[in-house]
S.K.: 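Can you read through this structure? Questions will come right after.
The basis for the numbers below is simple: all heavy atoms, side chains too, and nothing from hydrogens, waters or symmetry mates. Below, chains carry the letters A, B, ... as their sequence lines are ordered, and counting in each starts from 1.
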Amino acid sequence: MSPRPEYRTYHFAGHDEHVLCFGAGSSRQILIIPPLFDEMNRCRRMLVQTMRGLAERGVGSLLLDLPGCNESPAELEGHSLGTWRDAVTAAATQLGATHIAALRGGALIDNGATDLPHWRLAPAKGSSLLKTIIRTRIAGDKEAGKATSEAGLMEAAKTAPIELAGNLLGPVMVAELASIEPADPAILTVRSLGQDITGSTLWLRTEPQDNPAMSAAIAADLDQWSASCGG
Amino acid sequence: MPFVHDSVETTIRELLIDVLGVAPATVAAMTDDTPLFGALPELDSMAVAGLLTEMEDRLDIMIDDDDIDGELFESFGSLVAFAKAKVRE
C-alpha cells in the first residue's frame, strides 16, 4: 500500500503553517525546503513522490509551506528570505527534524538550523531567480502593451511591494534576492543534477511535470546520505 | 575559460531540452534553419524568461534585455548566433 500523508503545522509569526508529512514514526525526519516561487509548483509532485519513496525506505520527511506560499494564511509581501530562514529554523525545531534537504532557491534559506546536516540539490543564486521572475513580468507587460524595464522595477521595489510572476514581493525580499548566494552550513553535501542525480530540470519547465525515476533517485540518495550523518 | 563555438551550440541544444522539455530527438534534428518561436509550442514568452536566465548561467554571459528582439528566437541558427556573439564579447 502506498504510504499515507499526514498533515501537521508549525507556528511562525502568529500563524500556523502547513506541513505535509510522510513516515511520522521514523527516527530520521528530513525537512525538505522546496525551490522558491514558480519553481516550487513545478517540483511539488516530484518532491511528494520522493517523500513517498523515503517512507517506503523507512525514512520520515516533512515538506513545509513557507509563510505566504501555498496554504499559508500569511501575506507574502511581508516576508523575506530572512523571515523564511527563521521559519525554516522554527519548523525544524518544532517538528523534530534530524536533517535538512533543500532544492534550488531553498538553499538560500536553509542555513538557520546550523547544527543539522544539510543536503542540497542544484542550489540557485538569488540573482538568477530574481532575474527570471523580472523577465516574466516584463514579458507579460509587453503582451499587455506596457513597456516595463528592469531598472524601473528595481527602483519601484525600493519603496513598495512589486508583483513579479504572480508573487507580490516586498522591498526586503527583492533586495535580498538581488544580492544573496547560498551560505554554507557546517555539515553540507551538495548534489548536482546529471552528475550525482539522474533526472531533469523540472524547476525550469513552464509546464509542471513529474519524473518518477528522478524521485526514486533522490529518495535513494537521501536515504543513504541521512543514514551516514546522524539522526 | 572561453567556450569554443561548438560547445555553445551544444549548450543551446541542452537548454532546449532542459528548460522547454523538447524531446531530445527533436532537438538533435535541429539545423540553423529550424524555426523556433511560433513553431515550437513549448517556446512562449514566459518560457523565454527562464531560457535567457539559464543561458546566462550556463554560458557565463550577461544578456541585456534591450538586445532581445523578435528575430532572436526566429530560428535555431539565430539563437546560436546570438549566444556565440555574447560569448565572444
S.K.: Measure distances from B:Asp18 to the heavy atoms of chain A and classify the residue's part below 4.5 Å as side chain, backbone, both or neither.
M.R.: both
S.K.: Using heavy-atom distances under 4.5 Å, tell me whether A:Gln209 contacts chain B through its side chain, its backbone, both, or neither.
M.R.: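 Neither part; nothing is under 4.5 Å.
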S.K.: Given a strict heavy-atom distance threshold of 4.5 Å, which part of B:Glu42 is in contact with chain A: side chain, backbone, both, or neither?
M.R.: backbone
S.K.: Quiz question: by atom type and distance under 3.5 Å, do the side chains of A:Arg135 and B:Thr53 form a donor-acceptor pair?
M.R.: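 Yes.
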S.K.: Run the salt-bridge test on A:Asp196 and A:Arg191 with the 4.0 Å N-O cut-off and return the result as yes or no.
M.R.: no
S.K.: So which part of B:Leu52 gets closer than 4.5 Å to some heavy atom of chain A, the side chain, the backbone, both or neither?
M.R.: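 The answer is both parts of B:Leu52.
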S.K.: Determine, for A:Arg52 against A:Glu56, whether the closest basic-nitrogen to carboxylate-oxygen distance falls under 4.0 angstrom.
M.R.: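 A salt bridge is absent here (no side-chain N lies under 4.0 Å from a carboxylate O).
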S.K.: For each of A:Asp38, A:Leu204, A:Thr136, A:Ile133, tally heavy-atom pairs with chain B at distances under 4.5 Å, and name the one with the top tally.
M.R.: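 Option with the top pair count is A:Leu204.
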S.K.: Need one label for B:Leu15: side chain, backbone, both or neither, based on atoms under 4.5 Å from any heavy atom in chain A.
M.R.: neither
S.K.: Tell me whether A:Asp184 is salt-bridged to A:Arg120, with the criterion being a basic N under 4.0 Å from an acidic carboxylate O.
M.R.: yes
S.K.: Surrounding CZ of A:Arg45 (heavy atoms of other residues, nucleotides or ligands, distance under 6.0 Å), is the total greater than 12?
M.R.: no
S.K.: Keeping the roles fixed (side chain from A:Glu176, backbone from A:Gly82), state whether a donor-acceptor pair exists under 3.5 Å.
M.R.: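 A pair under 3.5 Å: yes.
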S.K.: Report which part of A:Ser200 has an atom under 4.5 Å of a heavy atom belonging to chain B: side chain, backbone, both, or neither.
M.R.: neither
